[in-house]
Amino acid sequence: MHYLYLFGAIVGEVVGTSALKATEGFTRLGPSLIVVAGYGIAFFLLSLSVERFPIGVLYAVWSGLGIVLIAVAGFVLYGDRLDLPAILGMAMILGGVVVIQLFSETVRH
């Protein structure tokens, strides 16, 4: 169940962050409410996940996957483009998350 909480926290953060650009400096109500709700859900679910995972590992997975998913959302929603160094850097972040999940003894499987 804690993995589901973590996944939900990641989705909430990605939704909230994706809506940030549309808020136009928090001058538009609809997107601003999406940002607040997304982050509220993200932090609530993250607080439930911390019962199961060490905080450092939890944050690494949450932020690492969030970075990559935000880059994808930026491309889909706003046409943001990444150059090769940015893509390689994100691949390295994903690699780190995979290493933690597969090999770290601090993660309870």
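All values below were derived from every heavy atom in this structure, side-chain atoms included, with hydrogens, water molecules and symmetry-related copies excluded.
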Practice task
Please round to the nearest 0.5 Å and tell me the distance separating atom CE of Met90 and atom CG of Leu69.
Solution key: 10.5 Å

Problem - Near-ring test Phe43/Trp62, centroid separation under 6.0 angstrom - result: yes

Problem - Linked, directly or transitively: Val61 and Met1 (ILVMFWY side chains, under 4.5 Å) - result: no

Handout entry: Heavy-atom donor-acceptor pair, Ser104 side chain to Gln101 backbone, under 3.5 Å
Key = no

Fill in the blank from the handout: Interatomic distance, CG@Leu77 vs OG@Ser18, rounded to 0.5 Å, equals 5.5 Å

Problem - Flag, side chain of Thr23 to backbone of Ala19, donor-acceptor distance under 3.5 Å - result: no

Practice task
Could you tell me whether the side chain of Lys21 reaches within less than 4.5 Å of the side chain of Asp80, counting heavy atoms only?
Solution key: yes

Handout entry: Close side-chain approach of Leu65 to Leu94, heavy-atom, < 4.5 Å
Key = yes

Practice task
Decide whether Tyr78 and Leu20 are clustered together by the hydrophobic rule: side chain heavy atoms of Ile, Leu, Val, Met, Phe, Trp, Tyr closer than 4.5 Å, transitively.
Solution key: no

Problem - Phe53 and Tyr5 aromatic centres sub-6.0 Å - result: no

Exercise for the section: Kindly check if the number of other-residue, nucleotide or ligand heavy atoms within 6.0 Å of CZ (Phe44) is above 12? Expected result: no

Exercise for the section: Grab the two heavy atoms, one from Gly12 and one from Ala42, that are nearest each other, plus how far apart they are. Expected result: C-CB, 3.9 Å

Handout entry: Donor-acceptor pair, side chain of Arg81 and main chain of Phe75, under 3.5 angstrom
Key = no

Exercise for the section: Could you check if a side-chain atom of Glu13 sits within less than 4.5 angstrom of a side-chain atom of Ile41, using non-hydrogen atoms only? Expected result: no

Exercise for the section: Output yes when a side-chain donor or acceptor of Thr17 lies under 3.5 Å from a complementary backbone atom of Val14, and no otherwise. Expected result: no

Exercise for the section: Scan Ile10, Leu4, Leu6 and name whichever one has a side chain to side chain contact (heavy atoms under 4.5 Å, CB included) with Ser49. Expected result: Leu6

Practice task
Establish whether Leu88 and Val98 are linked, either directly or via other cluster members, by ILVMFWY side-chain heavy-atom contacts under 4.5 Å.
Solution key: no

Practice task
Output yes when a side-chain donor or acceptor of Tyr39 lies under 3.5 Å from a complementary backbone atom of Ile34, and no otherwise.
Solution key: no

Practice task
Could you grab the distance from atom CG of Leu82 to atom CD1 of Ile87, nearest 0.5 Å is fine?
Solution key: 5.5 Å

Exercise for the section: Consider only side-chain heavy atoms of I, L, V, M, F, W and Y, link residues closer than 4.5 Å, and tell whether Leu48 and Val50 are in one cluster. Expected result: no

Handout entry: Cluster overlap Leu102 with Val99, hydrophobic side-chain contacts below 4.5 Å
Key = yes

Exercise for the section: Please tell me if the side chains of Leu46 and Leu58 come closer than 4.5 Å, counting only heavy atoms from C-beta onward. Expected result: yes

